Amino acid sequence: MNEHLYFSHLVGTVSYNVHAWLVDKATGQPITINGQKIEATKRIALRCIP
C-alpha cells in the first residue's frame, strides 16, 4: 500500500501531526479489527534547507 500526501503553506517553525486511518473504499467506513480502527499518527517537524 502506498499513499502520497502533499502539503502547502506550512510554517517552518511549527510541528505538524498527520493522523490517518484505513477506509473501505466501497462503503466509506473505517476498517476495524476487533472493533478498533486501523490508524497511525506521525509528527512532522520541518527544517529549512538553504
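Just so we're clear, the structure is a prediction, and the values are computed from it rather than from any experiment.
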Evaluate the side chain to side chain contact (heavy atoms under 4.5 Å, CB included) criterion for residues Val18 and Thr41: first the C-alpha distance (whole Å), next the side-chain angles of each, then the deciding distance (0.1 Å), finally the verdict. CA-CA 6 Å; Val18 177; Thr41 300; over 6 Å; no
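Under the 4.5 Å side-chain contact rule for hydrophobic residues, Ile33 and Trp21 do not share a cluster.
The line from NE2 of His19 to CZ of Arg43 is 14.5 Å long, rounded to the nearest 0.5 Å. Rounding to the nearest 0.5 Å gives a distance of 10.5 Å between CG of Asn17 and NZ of Lys42.
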